[in-house]
Amino acid sequence: MGVPPAGRRPTPALSIRTHTGTGTDIGRGMHIKDLAADRSAEGLPDLFTVVLAKDRAAVAANELLHRVVARQYLVRLLRAVRRLRTERPAAPQLTAVAALLDAADLDTAFDWATRPDVTGWIWRSGMSGADPAELLDQLGRCLAGEPAGAAASVPLGRHPAVPVITPGTSARSAQLFDWASEGDERPLALDPVRAAAFAARVRAAAEVLGRLWPEGLDTAATDIRAFAALGGHRGLRPLNFSVHGLRGLVLTSERPAYMLAQTLVHEATHQRFSGILDCVAVVRNPTATHYSPFVDAERPLGHILHGILSFINDVHAARRCLAAETDESESRRIERYVALKTDQLRLAEKNFHEVAEPTAHGERLFEGCRAAIASLSHG
């Protein structure tokens, strides 16, 4: 689980004029006026509805949420390019971004701005003391193409397949792999055969999820943009996490398909909540802490809410798996897991409520959590 930053308020549409060497305006092709008129400008959906995808309305609400988050990243990208233009007015990487966005419609621009390597660059561009020359080199790698068919990919139901990130396919993948390696667990540098095998395991999990909880798969597919493999040295115990700044990248070890199905919705929910935190504050006292039963330690409120949201979806997926399980020993294992995590959810809900000072958005989100936990508790 990534560390959630302070929440941000939605940013209004900007008429940004960032000139290239030829005088082209960034945003002309994707029509800044369309950005202002797009439905995402209306703001977030009711956060009560994005906690747990029990129906198609919840799936649609999450798609709108993703679009609002993409809008935030596109605006931040344009601002970062404008800042760099003041120091490197003739940089070819900035000209290339201008050309890319000039040729893109709004949906394509949103999609590009929320690619994990691009969000990673956006975060780095805002760091104090960031070196313009290094940022331009990094941006150039974000613009590099991927060799056709070189990387393994994972179909997620009716949605486009997403790649498995390995360092040997392109400069772009190598850079994202290096950024993903900055955490506590370094992903595996897979050769093509091993990457294809890993992708097959994750694809099997997606197929299980699609059969047992199709709304869960559709929601996860909205939030997941790439995978990276982690070592399986913990056996059947889960080893998976997301990085806040690398939006949509999920790192996971291999486990049986029904366990990986839980991982898909668990990590997709971390991605979804990180997106919410990019747009709004959910509590007025984000530095407050309380005991988190998920990690058996004191944690900030954002971490606790990350755990609540992700395990709500995790447990719901486990219940769907339990309903279809025919092996008696596996049924008992899943039952024990569901009971343990549901107890932890109830305790985490109580602890969060004791100290949190939710904003209006946060209250609706937490109401959705309370309703989902009550439903899980009553079977």
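When reading the values below, keep in mind they use all heavy atoms of this one structure, side chains included, and skip hydrogens, waters and symmetry mates.
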> Can you check salt bridge (Lys or Arg N to Asp or Glu O under 4.0 Å) on Arg225 and Asp111, steps first, answer last?
Replying inline: CA-CA 10 Å; Arg225 300 292 304 273; Asp111 185 73; 3.2 Å; yes
> Would Thr108 and Asp105 satisfy side chain to side chain donor-acceptor pair (under 3.5 Å), going step by step from the backbone distance to the final call?
Replying inline: CA-CA 5 Å; Thr108 303; Asp105 58 22; 2.7 Å; yes
>> Could you tell me if the side chain of His266 sits less than 4.5 Å from the side chain of Asn313, heavy atoms only?
In response: no
> Would Asp46 and Thr49 count as having a side-chain donor-acceptor pair, cut-off 3.5 Å?
Replying inline: no
> Within the distance-only criterion (no hydrogens, no angle test), does the side chain of Ser292 pair as donor or acceptor with the backbone N or O of Glu298 below 3.5 angstrom?
Replying inline: no
> Looking only at heavy atoms, which two atoms of Ala356 and Pro358 are closest? And how far apart?
Replying inline: O-CD, 3.3 Å
> Would you call Cys369 and Leu309 a side-chain contact if the rule is heavy atoms closer than 4.5 Å?
Replying inline: yes
> What's the spacing between Leu249 CG and Arg115 CZ if we round to 0.5 Å?
Replying inline: 12.5 Å
>> Pair Gln138, Ser125 - check side-chain contact (heavy atoms from CB on, under 4.5 Å), show working.
In response: CA-CA 10 Å; Gln138 292 169 345; Ser125 72; over 6 Å; no
> Is there a side-chain contact between Leu264 and Thr252, using heavy atoms and a 4.5 Å cut-off?
Replying inline: no
>> Between Phe294 and Ile308, is there a side-chain heavy-atom distance shorter than 4.5 Å?
In response: yes
> Cluster question for you: counting only ILVMFWY and a side-chain heavy-atom cut-off of under 4.5 Å, with indirect links fine, are Leu176 and Leu100 together?
Replying inline: yes
>> For the CG atom of Leu277 and the CG atom of Leu305, what is their distance to the nearest 0.5 Å?
In response: 8.0 Å
> For the atom pair OG1 (Thr119) and CH2 (Trp123), what is the distance rounded to the nearest 0.5 Å?
Replying inline: 9.5 Å
>> Looking at every heavy atom in both Gly231 and Ser253, which two are closest together, and how far apart are they?
In response: O-CB, 3.5 Å
Show the atom names and distances, to 0.1 Å, of all donor-acceptor pairs under 3.5 Å that link a side chain in residues 197-216 to residues at least two apart or in another chain.
residue, atom, partner, partner atom, Å
Arg201, NH1, Glu254, OE1, 3.3
Arg201, NH2, Arg255, O, 3.1
Trp213, NE1, Ala53, O, 2.8

>> If we ignore hydrogens and angles and just use 3.5 Å, is the side chain of Gln93 paired with the main-chain N or O of Gly140 as donor and acceptor?
In response: no
>> Using side-chain heavy atoms (C-beta onward) and a distance below 4.5 Å, is His66 in contact with Phe110?
In response: no
>> Are Phe48 and Val68 connected into the same hydrophobic cluster when the rule is that any two of I, L, V, M, F, W, Y join if their side-chain heavy atoms are below 4.5 Å apart?
In response: no
>> Quick check: closest heavy atoms across Ala318 and Val338, and the distance to 0.1 Å?
In response: CB-CG2, 3.8 Å
>> I'd like to know if the side chain of Thr169 and the backbone of Ile165 have a donor-acceptor N/O pair within less than 3.5 Å.
In response: no
>> When you compare the side chains of Thr114 and Arg247, does any donor N or O come within less than 3.5 Å of an acceptor on the partner?
In response: no
>> Minimum heavy-atom separation for Val51 and Leu365, please, with both atom names.
In response: CG2-O, 3.6 Å
> Are Arg124 and Trp179 in a cation-pi contact, defined as NZ or CZ under 6.0 Å from the six-membered ring centre and within 45° of the axis?
Replying inline: yes
>> Please determine whether salt bridge (Lys or Arg N to Asp or Glu O under 4.0 Å) holds for the pair Arg67 and Glu63, giving the CA-CA distance in whole Å, both sets of side-chain angles, and the decisive distance to 0.1 Å.
In response: CA-CA 6 Å; Arg67 196 170 182 88; Glu63 290 171 350; over 6 Å; no
>> Assigning hydrophobic clusters by single linkage (Ile, Leu, Val, Met, Phe, Trp, Tyr; side-chain heavy-atom cutoff under 4.5 Å), is Leu106 placed with Val75?
In response: yes
>> Side chains of Ile334 and Tyr258, heavy atoms from C-beta outward: is any pair under 4.5 Å?
In response: yes
> Taking all atoms of both residues into account, what is the closest heavy-atom pair of Leu52 and Ala372, and its distance?
Replying inline: CD2-CB, 4.3 Å
> Please walk me through it: do Glu367 and Arg364 pass salt bridge (Lys or Arg N to Asp or Glu O under 4.0 Å)?
Replying inline: CA-CA 5 Å; Glu367 286 175 10; Arg364 286 301 290 163; 2.5 Å; yes
> Looking at NE2 of His316 and OG1 of Thr342, how far apart are the two atoms once the value is rounded to the nearest 0.5 Å?
Replying inline: 12.0 Å
> Any donor and acceptor pair, going by atom type alone, linking the side chain of His306 with main-chain N or O of Gly302 inside 3.5 Å?
Replying inline: no
>> Looking at every heavy atom in both Leu101 and Ala109, which two are closest together, and how far apart are they?
In response: CD2-CB, 4.0 Å
> How far apart are the C-alpha atoms of Ile304 and His290, what are their side-chain angles, what is the distance that settles it, and do they pass the side-chain contact (heavy atoms from CB on, under 4.5 Å) test?
Replying inline: CA-CA 8 Å; Ile304 296 174; His290 208 314; 3.9 Å; yes
>> Suppose clustering is done on Ile, Leu, Val, Met, Phe, Trp and Tyr with side-chain heavy atoms closer than 4.5 Å. Which residues sit in the same group as Val59?
In response: none
> Could you go step by step and tell me if Thr166 and Phe177 meet the side-chain contact (heavy atoms from CB on, under 4.5 Å) rule?
Replying inline: CA-CA 6 Å; Thr166 57; Phe177 187 90; 5.6 Å; no
> Near His159 NE2, under 6.0 Å, is it more than 12 heavy atoms from other residues, nucleotides or ligands?
Replying inline: yes
>> Taking Val50's backbone N and O only, do any of them form a donor-acceptor pair with Arg272's side chain (distance below 3.5 Å, no angle check)?
In response: yes
> So do His361 and Ile276 actually touch side chain to side chain, heavy atoms under 4.5 Å?
Replying inline: no
> CD of Glu328: more than 12 outside heavy atoms within 6.0 angstrom?
Replying inline: no
> Do any N or O atoms from the side chain of Asp191 and from the backbone of Arg194 form a donor-acceptor pair under 3.5 angstrom?
Replying inline: yes
>> Looking only at side-chain N and O atoms, does His270 offer a donor or acceptor that is under 3.5 Å from a partner on Asp223?
In response: no
> Hey, quick one: are Phe241 and Leu190 part of the same hydrophobic cluster, counting side-chain heavy atoms closer than 4.5 Å, chains of contacts allowed?
Replying inline: yes
> Looking at CZ of Arg299 and CZ of Phe352, how far apart are the two atoms once the value is rounded to the nearest 0.5 Å?
Replying inline: 16.0 Å
>> Would you say that Leu239 contacts Leu230 through its side chain, given a criterion of any heavy-atom pair below 4.5 Å between the two side chains?
In response: yes
>> Please determine whether side-chain contact (heavy atoms from CB on, under 4.5 Å) holds for the pair Val250 and Asn240, giving the CA-CA distance in whole Å, both sets of side-chain angles, and the decisive distance to 0.1 Å.
In response: CA-CA 7 Å; Val250 168; Asn240 46 269; 5.5 Å; no
> Are side-chain N/O atoms of Asp278 and Gln72 paired as donor and acceptor at under 3.5 Å?
Replying inline: no
> Hey, does the Lys NZ or Arg CZ of Arg141 hover above the aromatic six-ring of Trp121, less than 6.0 Å from the centre and inside 45° of the axis?
Replying inline: no
> So, Glu267 versus Ser242: side-chain donor-acceptor pair below 3.5 Å or not?
Replying inline: yes
> Distance from Glu330 atom CD to Arg333 atom CZ, nearest 0.5 Å?
Replying inline: 5.5 Å
> Should Asp343 and Arg346 be marked as a salt bridge (Lys or Arg N to Asp or Glu O under 4.0 Å) after you check the CA-CA gap, both sets of side-chain angles, and the distance that decides it?
Replying inline: CA-CA 5 Å; Asp343 283 345; Arg346 285 193 291 260; 2.2 Å; yes
> Donor-acceptor pair, Asn285 side chain versus Val355 backbone, under 3.5 Å?
Replying inline: yes
